[in-house]
Amino acid sequence: QEQLVESGGGLVQAGGSLRLSCAASGRTFSNYAMGWFRQAPVKEREYVAAISYSSRNTFYADSVKGRFTISRDNAKNTANLQMNSLKPKDTAVYYCAADPSIPTIKDRGEAGYWGQGTQVTASA
């Protein structure tokens with residue numbers, strides 16, 4: 001069925017970069033907004049970034065603005081998160097998500113579809 005699968009997580013030194021990818025299958029998500037969330041141990045899930053179905057608009061949490069870039073390729077049914085200048089506070093499990101409504105993602109912090117998560121660790 002419909003599925004989102006993240007990849008690209010790993011261990012990086014502070015100041016380094018990682019590129020996360022989200023591969024969708026089972027259906028096209030071209031008419032869905034997509035986003036990224038993260039959750040660190042003992043912390044609540046945090047909204048990171050969102051992108052509209054056409055890529056016309058992107059949105060970022062203040063904590064990552066200027067460092068992270070969200071993108072998507074509807075022809076490939078994929079979304080990406082380029083993460084630069086990583087900090088130890090960025091360490092978390094990162095989740096890809098999709099929802100018909102972009103306010104649901106960026107304002108409510110919710111989504112109808114979720115990936116399984118990929119670990120990102122930025123060492124101090």
Side-chain angles (χ1 to χ4, degrees):
Q1 293 283 20
E2 300 89 347
Q3 188 176 12
L4 303 174
V5 179
E6 304 94 336
S7 63
L11 175 64
V12 66
Q13 294 180 349
S17 299
L18 286 173
R19 180 179 172 86
L20 305 183
S21 295
C22 175
S25 62
R27 65 162 294 162
T28 177
F29 285 86
S30 61
N31 61 339
Y32 279 64
M34 301 195 72
W36 290 90
F37 295 79
R38 65 188 183 186
Q39 186 166 217
V42 308
K43 295 184 66 177
E44 71 279 4
R45 187 177 63 211
E46 177 187 13
Y47 158 76
V48 174
I51 186 168
S52 61
Y53 76 93
S54 66
S55 299
R56 182 179 297 273
N57 301 110
T58 57
F59 306 88
Y60 300 93
D62 289 342
S63 59
V64 307
K65 195 171 298 181
R67 299 187 297 120
F68 291 9
T69 302
I70 188 171
S71 62
R72 69 188 297 167
D73 187 337
N74 289 342
K76 298 179 180 178
N77 217 18
T78 60
N80 301 286
L81 186 69
Q82 179 66 46
M83 310 165 68
N84 298 329
S85 301
L86 282 162
K87 304 175 180 179
K89 69 177 183 179
D90 296 318
T91 295
V93 176
Y94 282 70
Y95 298 91
C96 177
D99 196 272
S101 171
I102 196 163
T104 298
I105 294 175
K106 75 180 188 69
D107 298 329
R108 297 182 61 86
E110 301 172 0
Y113 297 88
W114 295 89
Q116 83 290 344
T118 186
Q119 177 70 45
V120 171
T121 302
S123 61

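Between the D99 side chain and the G112 main chain, a donor and an acceptor come within less than 3.5 Å of each other. Judged by distance alone, the side chain of N74 and the main-chain N or O of Y53 form a donor-acceptor pair under 3.5 Å. Side-chain atoms of R72 come within 3.5 Å of backbone atoms of S52 as a donor-acceptor pair (strictly under, hydrogens ignored). Using a distance-only test at 3.5 Å, with no hydrogens or angles considered, no donor-acceptor pair links the side chain of R27 to the main chain of E2. Of the possible donor and acceptor atoms, one in the side chain of E6 sits under 3.5 Å from a partner among the backbone N and O of C96.
Atom CD of Q39 has more than 12 heavy atoms from other residues, nucleotides or ligands within 6.0 Å.
Grouped with I70 in one hydrophobic cluster are L4, V12, L18, L20, F29, Y32, M34, W36, V48, I51, Y60, V64, F68, L81, M83, L86, Y94, Y113, V120, the linkage being side-chain heavy-atom contacts under 4.5 Å among Ile, Leu, Val, Met, Phe, Trp and Tyr residues.
Scored by the side chain to side chain contact (heavy atoms under 4.5 Å, CB included) test, A40 finds K43, A92 as partners (sequence neighbours excluded).
At a threshold of 4.0 Å, the pair D90-K87 does not count as salt-bridged, since none of the basic side-chain nitrogens sits closer than that to a carboxylate oxygen.
Within the 4.5 Å cutoff, side-chain heavy atoms of S63 are placed close to those of R38. T91 has its side chain within reach of Q119: a pair of non-hydrogen atoms, C-beta onward, lies under 4.5 Å apart. By the 4.5 Å heavy-atom criterion applied to side chains, S101 and R108 are not counted as neighbours.
Here the closest non-hydrogen pair linking P88 and S123 is CG-C, 4.4 Å.
S30 contributes atom OG, which lies 11.0 Å from atom CG of D73 (distance to the nearest 0.5 angstrom).
Side-chain contact, Q82 with N80: no donor N or O sits under 3.5 Å from an acceptor N or O.
Between F37 and W114, the ring planes are tilted. Angles from 30° to 60° get that label.
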